Amino acid sequence: MSQESFVDLSMVRRRLAGSGGRRYWKSLEELAATPGFQNFLEREFPEQASEWSDPSGRREFLRIMGASLALAGLTACTRQPEEKIVPYVKSPEQVVPGRPLFFATSVLDQGFAKGVLVESHLGRPTKIEGNPEHPASLGATDAFGQATILGLYDPDRSKTITNRGEIRTWGAFLTALQPALAAQKALGGAGFRILTETVTSPTLAAQLDALLAQYPAAKWHQYQPVSADNARAGAELAFGEALAAQYRLAEADVILSLEADFLGSGPANVRLIREFSGRRRIEGEHARLNRLYVVEGSPSITGAAADHRLPLRSSEIEGVARAVAAGLGLPVEGADRAHAAWVGPLVKDLRKHGGRSLVLAGESQPAEVHALAHAMNGELGNLGKTVVFTAPVEARPLNQLASLRDLVADMAGGEVALLLVLGGNPVYNAPADLALAAALDQVPLRIHLGLYQDETAERCHWHLAEAHGLESWSDARAFDGSVSIVQPLIAPLYGGKSAHEVLAAFLGFGDRAGYQVVREHWKGLFGADDFEGRWQRAVHDGVVAGSALPEKPVTLASGDWVRPARQARNPGLEIAFRADPTIGDGRFANNGWLQELPKPLTKLTWENAALLSPRLAARLGIAVSSTASGATTDLVELRYAGNALKVPAWIVPGHPEDSVTLHLGYGRRKAGRVGSGLGVNAYALRRSDGLWFGAGLEIRKTGERAILACTQDHWTIEHETQTTKRHLVRSADLAEFERNPHFAREMSEEPPADLSMYPAHTYRGHAWGMTIDLSACVGCNACVVACQSENNIPVVGKDQVARGREMQWIRIDRYYQGGLDNPETHHQPVLCMHCENAPCEVVCPVAATVHSDEGLNDMVYNRCVGTRYCSNNCPYKVRRFNFFLYQDWDTPSLKLMRNPDVTVRSRGVMEKCTYCVQRINQARIDAKNQDRPLRDGEIETACQSVCPARAIVFGDVNDPKSRVTGQKSSPRNYGLLADLNTRPRTSYLASVRNPNPDMPREAGPGAARASLELGSGPDV
Amino acid sequence: MSQVFHRSMNTLARASLAIGLLGAGGGVGLVMAVSRSPYATRQGVAREQPVPFSHQHHVGGMGIDCRYCHTAVETSAVAGIPPTKTCMNCHSQIWADSPALEPVRASFRTGNSLQWVRVYDLPEFVYFDHSAHVNKGVGCSTCHGRVDLMPLLSQETSLLMEWCLECHRAPERFLRPKGEVYNAAYQPPANQLELGKQLVKLYDAKPRTSCSTCHR
Amino acid sequence: MSAEVATSGLYGLMAEFRGPHEIVAGARLVTEKGYRRVDGYTPYPMEDLSEALELPRSVLPKLVLGGGILGCLLGYGLEYWSAVIAYPLNIGGRPLHSWPSFIVPAFETTILFAAGTAVLGMLALNGLPQPYHPVFNVASFAKASRDGFFLAIEATDPKFDRADTRRFLESLHGVVQVSEIEE
Amino acid sequence: MSSANPMDLPGAPILGPGHTLGTVTDKIGDVVLTRKTPRGWLGGFAIAFGLLQLMLLAVVNLLFVGIGVWGVTIPIGWGFDIINFVWWIGIGHAGTLISAILLLMRQEWRMSINRFAEAMTLFAVACAAFYPIFHTGRPWVAAYWLLPYPNTMGLWPNFRSPLIWDVFAVSTYATVSALFWYVGLIPDMATLRDKTGSRLLKVVYGMGALGWRGSIRHWHNYETAYLLLAGLATPLVVSVHTVVSFDFATGLVPGWHATIFPPYFVAGAVYAGFAMVLTLAIPLRWYYRLQDFITMRHLENMAKVMMATGLVVAYGYVIEAFMAWYSGNTYEMFMMKNRMTGPYAVMYWCLILCNVVTPNLLWFKRLRTSIPFLFLVALVVSVGMWLERFVIIVTSLHRDFLPASWGMYAGTKYDWAAFIGTIGLFLTLFFLFVRVLPAISMFEMKTILPGSGAHGSGGEAEKAR
């Protein structure tokens, strides 16, 4: 870091000194400037990290041995190895050893900012929390946000600058670059192309503009496999200009989603979940529940949350949209009358809620459908109420697919002499028919900046290791345009460069720190007077005040959307492409947490599969069965547009019958040690003329079998009948609920506290408890990853998951109800219930799991001998066992990542949810040190604080005024398996759905209630 | 004739039987003893340090307060080992060229941290919080002993779990007025028990013996 | 005192009988004659013979009872002390003194101690181990563990007289031979 | 009195004719004292020892790599480990039953089989004891943390846990069985001491015999002690398998939580035990020509005991099913349905075939007295009892309360290695035993010789006159 930045930062700090605040802005430069720490870092990372990759069996064996010895060390009577203390030479301000600091920054999702607070221990970022002051976060994050921390410490990240595989220095790169740039200067940049992903960063945009100014003839292309092309085109169709829509779900009573997975993905999904769930929650006995209609071509969590769901092939949805529009009185053609029974009541419902309804279209639908949605909203008077419009958020909105096409054409035509790829992995994720790779090879000089030595890096002359988002300075816009300053939490572990620094080099600034680039840009924006103050605030808050884009009034231009673009009905099978729900478009492929995160609906991990409907499966004779080594299924061959792919088939109840869904993001060749060679590459089938779906799919059973790692015993009729008999998830329609608010409690009787041959224990002082509102939970998975990050939970790999040895402390059970074709889907997060009559404790021979005086079910790792008796006797099966040495005791970077407040468990011990006891203890100690009682809400468990739906409430059930006590007094409150008299401290609030009374039963979800006989489906 | 053994064998046989039985018991006792011995706990074993820092001199002699160096003790789980800067505050003038302090100066020059040997080393699975203790009237010397008399620091107490429990079960036997917490030379008064009882009430000191208090 | 001199170096006299019934008969006569320090040696336990020698009932049962009670108290005591006094823990909401559970281990310790007492007690009462014993000095005594039946009168018996006792023994029915047992 | 007992069929002798004290001593003693080791023995021992090596491999691998090499998982936290533990400990029970309970009942026919039955008990318990230690995730601490000792953590075992009950029950059982067995051996070792010509053996057996000289005063205390031990071992053996059954019965897993478990586990144990005794006795008497001592009467009596206990076990199965239905409890009913029709239904029906159907063929005297058939049945029952434990443990666990966390189980090659390994350990010990110690109790056989006069007037001796 350069001296000058160091200077004015310390100045900054002096300014800051007065202002307190919960989170402090701290200059990483200073910490890193301490050579001691620098050496420390160097000692710790590059060399040893590379050493780790040595896969020789010997080290493995030693590792295991070492671990066994380490374990022996856990027994009380052996000596410990001598430890060293390495204090600072000059300790940075604000740093109190043993206490974390929180810094505001943002993580990027498809180029859009989601605000976060990062917990940092002595300069090591360890945990990500949401930033309550950020519009896209509101204090929560999604699973991707949580997993960013693992991405930062990923030992497989690219660590060097390479030229044709040879390691080079930054200086060498700069010198090598000069002639090429000089040549382009002469041509005005005619042969110069820059390819980025979606860019919202004002600074980066400014740099690019400056570059284009220097090279007028150069071109800036953008591409990422999941873009907003259709939405943008739709807006242009509807309003004649490119606009970005923002939805106000809180205001909407009736919502129609045309394949829009607004809860599952997108730059605003965290906020939208909050708003949506806010309208699903029932305080007391009355509620203004919203009602959600979903038409979709592939099951999503949004569809799972729907009150009425219509599974259709993606190509048929436009027809339904037109039918709805026609019903609303819009002059449209090509309406599909086939679903009149469903559309009729829907239209009535929408009409009834004019101005308080909302129609959304998904990116996977063509522009016309988006336009129709806008038109319908116009017709319903929703414009400006439940949906508002702003100028596009992207720095330079364009049709990315077209942009990529042009680039490929130019490259193939040999017009490109110098290509700079700033992030992204087009070689892997471009549509197959563009043949990008071949064209790329025509370019004489190809430069790639990326986090990994990936497929694209492999085909570029120069690869520059990119600095991670948590390592570099930048800025970015959120879905509503508000800008966040992105600040680094740690010096680049592997000495990477940020896009700003690379562009600075191209602009001729040599090696200019990203910090300066960003600051300079904002100096320009904030103006000189009180720049420091405003900059301070911006960095401190994590968002630039008042930077959100202003709403724009809109007028509908009756346009081309009236007539259907293509004829809707196409016979035969259809293929649908979707971003993977846990690893996105493939950018998270090397992230173990996300790989092992069960997909919300299929509960598959570590790979993708051809998702198909029970009926189609029956037709093809697909047999899925669970075995001790995993779920076995048939390997099918998909033939589509001349390409073929062998994929394991997986049966998904509620999938449209004549279509097959394939998730993008797998089949990576060069993702890293975690992500390479998993699943199949859907991009190999994806075509530019149908990014999201296409007709003419042929499917064939190969006769081979495949093993998948599914965390939940695959769906069977047995499941459904047993689930309903056992009243595990309890749910009712709003009407039923109003008739009998206590329906949930009456489903099974909870034994009274005194029903025991022993006197009941009384808890003086605190008694911790939790409630989970099943009405609010949408199954987004954020809590699972948050828990994994907070509690140092290891990743175990596909084989172990397949054997049922996954380690996540909180899991989300998925239950179907109502048959195979279009079932109701329920999510139930299950973690340790902290039973007052804990069955696990009684059977532990060494008292390694016992009750604390506050009613926590403590698990004492260092006392555990690993009999697994507790797990056998746990009716909830929430206990997790270290069958092997799952924790990575070697990789230095992963050691830095761990939460220092939680023991790192080793081989042979049981573990489970602790209600984040480390947070409880810290809060208790702080309160005691300040001689004050604990405040309600002062303690938030990791799962609670991350939950976008605010479905989880934790607190003191002995405190009559606490929120959790309030929740538990709700009539919907019930204990899972409480009839066993385990007296769980964690309880659930039954879910209440709000179906349209006029909707014919057999048309909604749970339609096929009667079709249970069709059980021959997946259960084979 | 069928005599197999010599007379003496009778005594021998009986003796060995007795020895066998006693030996079994003795073995267990021995293990118990060893696991509590300084060999296992390192109790009272002075440690070599990169710099022969003497608490006796600084605390006993100069009367420097614990918190001058261990700054975080009142607010954090760890007391904190002082950065080299803290040493140099004085030693840039005093003993500025003593050879013994060369490592300190070197550290300050080069910016490479001093590497001290950890004396009080709890297992990784034990979470001790200094602030929680000093704020409730547990004196430094209660666990760390008379550091003002230690030229080279050694571990005063066994740090065995049973030792922790002694105090967590009966704090009144050890608590002292908050004012005396940092007084290394503090001697508990004759009426410690009743004083302790008062302090427990006064400071609302409720030490817990639940596992998750220290293990998580 | 002449007897004393005479018996020095002599442990006693041993008569070997032809079979079980002969030795029982012989033993009866020996006891009638007033000999008290008498012992029989047989390949297997013989109730008749012990009756014939009027042996007292064994005290072993009382010892074993004591051992059992001790074991029970120690076992239950340990459980109560460790669960209620030493480290009281709320385990699964059960009371500290969960007596129904504590019965089982206490039962086992009872058995353990009783059995231990039975074996050690038996050895102690029999003065075992005692690998050396004068009777082994008799050449033919090896048969005692096979099919030999022996009756020994010890020299320390007040009525013992080297010559008379020998004559008396030889007079008994079914005696194969009488031999002297050296110390 | 022997005629008073039901097992005493007139005509069927418990000892071949024409035996004297001397011939009994020689016939049994020579098996041990013979100079040259028989080829058959060497061959058998070699095989057994080979299997034992398999176990060593399995253990080393287990210690270094982790318990994960076994098939256990969540939700099936116990698999082969506890199945085999229960199986072995069950087998052990017959030994104690024969030596203790039959002794108290004055079943003289027990005399010729109790010695090696007790040995079998010891070795089976040794095999069983292997599992509770090595099925844990951290055997190196489990080995002693399960015992109550004054550790530096001030912690004690949880005496509410059935596993601790196991520790106490099994260790007591092992100790008492060993004592009982040894006490029985003392007089016989004295016999060997006096019988052998070799100086070395005289010393070795002499030490073991503790200087036993057959004094009538010693016999007096000895018999008392032997009877007391029998009296103590009887409730003990019942308690041991009761405690083992508590491992399951006190849990709340459907299929475990049943009050019938204690009695039916004990019966099952005796059942399996007698099967194993037969499995060992039949080849033993054939190879060492001990037909005179282990007669058809013994085999037939054992067959009867097996059948009786087999019926008790069958009753247990019926009650389990009945209670599941009668309770009206969703979980219980599903558990039973799943046992009979679920993924592991095959195991269940094989178990019924092995444990209920086959033994009932023993009603027919012709089958009951056919030695090959008896041997076959014995093997079948051993398999059946193993299956029973599989069904109880795995089938109950794999689909318990929350369908979302149901799972499947299969033993891995390491599971099998450990299992076969313990069989190797068992056989190895047994081979060594028959080579160096009298497999039949000589002094007890002598008491039942005609004319022994062991039990005073009115005993067989008088009758024989």
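These figures come from a predicted structure and were not determined experimentally. Each chain gets a letter, A, B and so on, in the order its sequence line appears, and its residues count up from 1.
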(Q) Less than 4.5 Å to any heavy atom of chain A: does that hold for the side chain of B/F108, its backbone, both, or neither? (A) both
Q: Drop me the distance from A/N921's CG to B/Y127's OH, to the nearest 0.5 angstrom.
A: 11.0 Å
Q. About how many Å separate NZ of A/K90 and OG1 of B/T86, when rounded to the nearest 0.5 Å?
A. 11.5 Å
**Q.** Residue, of A/D853, A/V96, A/V917, that accumulates the most heavy atom pairs under 4.5 Å with chain B
**A.** A/D853
Q. Between A/G98, A/P87, A/A848, which has the largest tally of heavy atom pairs under 4.5 Å with chain B?
A. A/P87
Q: Using a heavy-atom cutoff of under 4.5 Å, enumerate the residues of residues 199-216 of chain B that contact chain A, numbered in order, or state 'none'.
A: B/D204, B/K206, B/R208, B/S210, B/C211, B/S212, B/T213, B/H215, B/R216
**Q.** Interface residues of residues 76-85 of chain B facing chain A - non-hydrogen atoms under 4.5 Å apart
**A.** B/S76, B/V78, B/G80, B/I81, B/P82, B/P83, B/T84, B/K85
(Q) Would you say that more than 12 heavy atoms from the other residues, nucleotides or ligands in this model lie under 6.0 Å from the CD of B/E48, or not? (A) no
**Q.** Over 12 foreign heavy atoms within 6.0 Å of CZ, A/R764
**A.** no
(Q) Please evaluate residues B/D129 and A/K928 with respect to the criterion salt bridge (Lys or Arg N to Asp or Glu O under 4.0 Å), reporting the C-alpha separation (whole Å), side-chain torsions for both, the decisive distance (0.1 Å), and the verdict. (A) CA-CA 12 Å; B/D129 191 303; A/K928 281 187 157 199; over 6 Å; no
Is [X] in contact with chain B via its backbone, its side chain, both, or neither, using a 4.5 Å heavy-atom distance?
{"X": "A/N791", "value": "neither"}
{"X": "A/N929", "value": "both"}
{"X": "A/R924", "value": "side chain"}

Q) For the residue pair B/G111 and A/V89, what are the closest heavy atoms and their distance? A) O-CG2, 3.4 Å
Q) Salt bridge or not for B/D121 and A/K84, using N-O below 4.0 Å? A) no
